[in-house]
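Below you'll find the structure, written out as structure tokens, and then a few comments.
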Amino acid sequence: MKRLLLHAISLIVFLVCNAQTRMSYIPEAQQFFIETDTVGIEEMRALWTTSLSSAKKDYSHAEKSPSFQEILAKHDFMGSKVITKKHSLYSCKELKGMEEKLIGYWGVEIIKDKEKLYLKRIISRKDTTEAINIYKKLAKKYGESPEGIPADWVSGQIITMYRESACKYLNTHVSRYQDISKIEKGFVTGICSRISSGLYEREAQRERFTIDGFWADERSIALETFLFSHDVNKAFLKDKSCKPFLSVMLVYIEKNGQASIELLDCNDSLNQIQKNNIKLLQKSVSELPAWNFEMLYDIHGRIFPGRYMLARFFPIYGWRFTDYLNVEIHKTAEGNLSYDGISIY
């Protein structure tokens with residue numbers, strides 16, 4: 001009991017000390033919208049629907065949602081990274097138009113103090129003989145060394161994601177990290193690492209007194225959603241006549257960093273009082289400072305500007321949110337929402 005009390009006091013002090021910071025934080029992430037595609041809100045709504053459909057299939061022991069390995073089977077690799085955007089990798093005559101048929105394994109080696117891009121091997125999704133023949137043609141044209149075929153034809157950018165940093169999120173995978181390698185005639189001339197970080201994430205790391213470990217570990221995400229719940233309830237006028245209810249909501253981050261929230265699913269039909277509470281919630285979220293939540297990146301190299309939240313309303317406490325990164329939600333055979341394994345503060 002004493003330990004819980006001390007933890008509660010530390011969180012209160014933590015929130016008060018950082019209240020002013022939250023009002024003025026504007027991240028570098030804004031500039032990313034200039035050069036990176038973004039997942040639209042319609043697609044994010046559809047992702048919940050398709051994921052829910054997969055969850056129903058999982059429950060009935062039918063077809064399961066795609067695994068990370070199945071998703072990776074559609075992407076090229078560069079060392080320990082997944083190539084999320086191919087750009088000019090397939091620009092040479094022998095590979096042109098083969099992006100959907102072949103998977104390339106690329107590597108970077110140091111040659112005379114310069115980083116050189118090599119094509120190490122090619123795998124075909126259908127015809128192994130075709131992949132072998134194409135590799136032989138490239139080796140004859142560009143030469144071959146123990147490192148592989150020097151990719152002299154490649155100029156442009158390669159966007160990659162570390163496989164180890166990818167976290168399952170509904171039917172896709174996301175990460176806070178993304179690398180962009182600039183290539184000129186097969187040589188790496190620059191690398192830009194993007195680490196997306198919103199204010200809630202930074203505050204959660206300070207509360208933990210560490211930045212080590214996996215970015216989507218259970219405690220960090222739980223702290224972020226605790227901060228979100230705290231800020232929402234601080235401005236929210238609780239209606240004690242409203243009955244408790246469970247729902248799933250989408251928090252969408254606009255290009256200016258401002259968040260909005262909308263209902264995706266609910267465990268029961270809502271009465272008018274509950275609907276009014278959701279409208280009040282939407283107003284509270286719209287008044288929060290920008291860039292509380294950071295942008296993530298999906299497996300296709302795009303900005304993933306949103307969070308899927310399990311949202312519960314209690315007349316006394318107000319709203320309690322749990323990020324879907326920390327919870328497995330599914331429809332039971334009766335069609336009701338259920339949840340397990342949730343960490344709540």
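- Alongside I132, the hydrophobic cluster contains no other residue (criterion: ILVMFWY side chains under 4.5 Å).
- With sequence neighbours left out, the side chain to side chain donor-acceptor pair (under 3.5 Å) criterion links T129 to no other residue.
- For E144, there are no salt bridge (charged side-chain N to carboxylate O under 4.0 Å, His left out) partners at least two apart in sequence or on another chain.
- Annotation: side chain to side chain donor-acceptor pair (under 3.5 Å) contacts of Y90 (sequence neighbours excluded): D76.
- Here Y169 pairs with D323 under the side chain to side chain donor-acceptor pair (under 3.5 Å) rule; sequence neighbours left out.
- Take T128 and apply the side chain to side chain donor-acceptor pair (under 3.5 Å) test, not counting sequence neighbours, and it matches no residue.
- Among residues two or more places apart in sequence or in another chain, the salt bridge (charged side-chain N to carboxylate O under 4.0 Å, His left out) test is passed with E43 by R302.
- Every residue two or more places apart in sequence or in another chain was checked for a side chain to side chain contact (heavy atoms under 4.5 Å, CB included) with E100, and none qualifies.
- By the salt bridge (charged side-chain N to carboxylate O under 4.0 Å, His left out) test, R45 is found to be paired with E42, E262, residues two or more places apart in sequence or in another chain being considered.
- Identified under the ring-ring contact (aromatic ring centres under 6.0 Å, His included) test for residues 131-151, with sequence neighbours left out: Y142-W153.
- Qualifying side chain to side chain contact (heavy atoms under 4.5 Å, CB included) partners for S155, counting only residues two or more places apart in sequence or in other chains: K185.
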Which atom pairs, one a donor and one an acceptor, fall under 3.5 Å between side chains of residues 107-117 and the rest of the protein, sequence neighbours left out?
from : atom 1 : to   : atom 2 : distance (Å)
E109 : OE2    : K120 : NZ     : 3.3
K116 : NZ     : D152 : OD1    : 2.3

